[in-house]
Amino acid sequence: ITNNAGGSITAKRNTIRCTASCTSPTIHNFGKISARQEGAIRLNVATGAVVNNNFGGVVDGEGTDNLHTIQIGNNGTLTNKGAIRRISNGSPSLTSTSVAIIFQGNNGTVLLKDEGIVVGSIRSNELKTGSKLQIDHGYGRSYMYKTEGTLGLTDLDGNRIVAGSATSVGMGAQETVDELLGYRAYNLRASLKSYSNGPNSKKPKIEPFAYTSFRDDGRTTLGYENNAYGTNFIYPMVPDKLNLILTVERNKLKLDENHDITKKSFLAGISTNGFRRLNNWKASSYAVAGWSWHNSSRDVLTNIVNTGIADVSANYESAEVITGINFTRTSDQKITESMTNIQETELGITGSFSHTPSYSESMFFSWEERNLAQASIHFNKQLTLMIDDKVQLITSAEFEHRSVFYGKNQDHSLNAVTVDFNSGSYSENSVSMNTSFDYDLGEYGKIYMQFNGRLSDQTTIHLGGSAGVSIAF
């Protein structure tokens, strides 16, 4: 039987049924099939039945009478890409006598695919064996299906799935902590370097900035797009020696599989310029700490709400610490009376730490406290062209290796079942380019433009920049 898009097959009871033992009946549904009693598709005595509820297809069980929307028998297979619903009194039916899907034979298989939804319980008859529930919604997709009876559970995309209910959660927010913290360290380092090399390094600076980064999905990582903007405030307590730093930032992380996180944060601390010199090398350092407020919202496929998709939210906080030391050597070359070429070589080490207290999402998922620490080493080569002590053109290239050495594991609970997670990628090699232009306004400040790009072996691209007028005061 093929029910095409726009088609409707309805009856009071048993809309499609094998009344006696039948072999290999096949149903392809693109339209709507519905019933109010016993079953919409009742193949409980069939052997080898194949039911494909395709994208756009709807199979509805309605009313308050006992009714299982779809029943499959021995060796039956049901594949759902559309919607299968059992609604009673306006709510999903979660009782054993009226379910959305029931295994009424041995060795049945139900495959839930793509964006397909189920409303109402999934049950295996207690007298039957070999029932299999397979999930193929995509890597990182969060879901929770209420089940009854004994079911063999498999996630075909490699997600961790737990029994009791068929539950899984996308780990994008957890496995990107180190990567996004690494971006903040890189942006801070670039801003401090620009300030110390600029013509107004003895005066306060207010620097707006913005950046975007995105990553393709991998075998154990989700793709994402991250957009951020903020402002750096730098105040020289001891000119050319000691500076106060304040960074405020807001960013929006959009993870694949419908999970968004908005974050507001600040970092505050100090930086030093050339606190120690050895021959032609000088050492500079910085240390900042701050707090972040996160607002998370994710879509979870579940059969316990009428829509088949629950909006699960969470508000949580985290603390971050970033510190580093850089060693630089500078050489000047006079090209003409008005033009100077400056070469700078830098070698640096950066450490960063994140602490996230325990928190729970509005449904299904809770997260244990987590501490994460990582370190990186970078090598930077910079060329600066000075013209008339007014115009400064800078270009630089940098290589960085970053690695997490503590806190890869994340303990969490899926619908009250405790599991841990330590997959993901916790090291990264990246190359970056930075170009900037400064025009000195003398005692009044400067006009500046700065752009940076970064590419890593985690198929991540990072683009950022800042522009404006820096006013001395």
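Note that the structure is predicted; figures quoted are calculated from it, not measured.
Here D60 pairs with K32 in a salt bridge; the nearest charged N to carboxylate O distance falls below 4.0 Å. Using a cut-off of 4.0 Å between Lys/Arg side-chain N and Asp/Glu carboxylate O, R298 and E257 are scored as not salt-bridged. For the pair K282 and E346, the salt-bridge criterion is not met [side-chain N within less than 4.0 Å of a carboxylate O]. Between E317 and K263 no salt bridge is recorded (no basic side-chain N to carboxylate O distance below 4.0 Å). Contact check on R141 versus E115 returns a salt bridge, with a Lys/Arg side-chain nitrogen under 4.0 Å from an Asp/Glu carboxylate oxygen.
Defined by atom type and a distance below 3.5 Å, a donor-acceptor pair is present between the side-chain atoms of E249 and Y211. Judged by distance alone, the side chains of N251 and N226 do bring a donor and an acceptor atom under 3.5 Å apart. No hydrogens or angles considered: nothing links the side chains of S284 and N326 as a donor-acceptor pair under 3.5 Å. Side chains of S191 and E207: a donor-acceptor N/O pair is present below 3.5 angstrom, by distance only. A donor-acceptor pair shorter than 3.5 Å cannot be found between the side chains of S430 and S456. Residues S165 and T147 have side chains that never bring a donor and an acceptor to within less than 3.5 angstrom of each other. Residues S396 and N434 bring no donor and acceptor atom of their side chains to less than 3.5 Å of each other. No side-chain N or O of S432 forms a donor-acceptor pair with one of N452 less than 3.5 Å apart. Using a 3.5 Å distance cut-off with no hydrogens or angles, the side chains of S292 and E320 do pair a donor with an acceptor. Remark: the D438 side chain and the Q392 side chain contain an N/O donor-acceptor pair separated by less than 3.5 Å. A side-chain N or O of H294 and one of S318 form a donor-acceptor pair less than 3.5 Å apart. For the residue pair Y426/E179, the side-chain donor-acceptor check at 3.5 Å is not satisfied.
Aromatic ring orientation, Y316 versus Y359: parallel (interplanar angle below 30°, classes split at 30° and 60°).
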Test salt bridge (charged side-chain N to carboxylate O under 4.0 Å, His left out) on R215 and D256 and set out the steps. CA-CA 10 Å; R215 181 181 76 182; D256 287 352; over 6 Å; no
Report the C-alpha separation of E148 and I122 in whole Å, then their side-chain angles, then the decisive distance to 0.1 Å, and conclude whether the side-chain contact (heavy atoms from CB on, under 4.5 Å) test is met. CA-CA 6 Å; E148 300 179 41; I122 301 171; over 6 Å; no
So E225 and K252, salt bridge (charged side-chain N to carboxylate O under 4.0 Å, His left out) or not? Walk me through it. CA-CA 8 Å; E225 178 181 334; K252 178 69 173 290; over 6 Å; no
Walk me through whether Y286 and T323 qualify under side-chain contact (heavy atoms from CB on, under 4.5 Å). CA-CA 6 Å; Y286 57 91; T323 185; 5.6 Å; no
Trace of the side-chain contact (heavy atoms from CB on, under 4.5 Å) decision for D136 with D157: CA-CA 6 Å; D136 189 17; D157 299 294; 3.0 Å; yes
Check step by step if side chain to side chain donor-acceptor pair (under 3.5 Å) holds for S358 and R370. CA-CA 8 Å; S358 302; R370 184 190 185 193; over 6 Å; no
Step by step, work out the side-chain contact (heavy atoms from CB on, under 4.5 Å) result for T176 and Y224. CA-CA 9 Å; T176 56; Y224 68 73; 4.0 Å; yes
Do S296 and H259 pass the side chain to side chain donor-acceptor pair (under 3.5 Å) test, and can you show the C-alpha distance, the side-chain angles, and the key distance before you say yes or no? CA-CA 7 Å; S296 168; H259 186 190; 2.8 Å; yes
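The CD atom of E344 sits 8.5 Å away from atom CD1 of I394, with the distance rounded to the nearest 0.5 Å. Rounded to the nearest 0.5 Å, atoms OG (S142) and CG (N159) are 8.0 Å apart. The OG atom of S131 sits 12.0 Å away from atom CD1 of I101, with the distance rounded to the nearest 0.5 Å.
More than 12 heavy atoms of other shown residues, nucleotides or ligands fall within 6.0 angstrom of atom CZ in F275. Atom CG of N280 is surrounded by 12 or fewer heavy atoms from other residues, nucleotides or ligands within 6.0 Å. Heavy-atom contacts from other residues, nucleotides or ligands closer than 6.0 Å to NZ of K81 number 12 or fewer. Environment of CZ in F55: sparse, with no more than 12 heavy atoms of neighbouring residues, nucleotides or ligands closer than 6.0 Å. In the displayed structure, K381 atom NZ is contacted under 6.0 Å by more than 12 heavy atoms of other residues, nucleotides or ligands.
Each of V321, T247, I322 was checked for a side chain to side chain contact (heavy atoms under 4.5 Å, CB included) with V288, and the lone residue meeting it is I322. Checked options D311, I304, N415; the residue passing with M363 is I304 (criterion: side chain to side chain contact (heavy atoms under 4.5 Å, CB included)).
Cation-pi check for R454 over Y186 is met; the charged atom lies under 6.0 angstrom from the ring centroid and within 45 degrees of its normal.
No close placement of the H378 and F399 rings is indicated, their centers lying 6.0 Å or farther apart.
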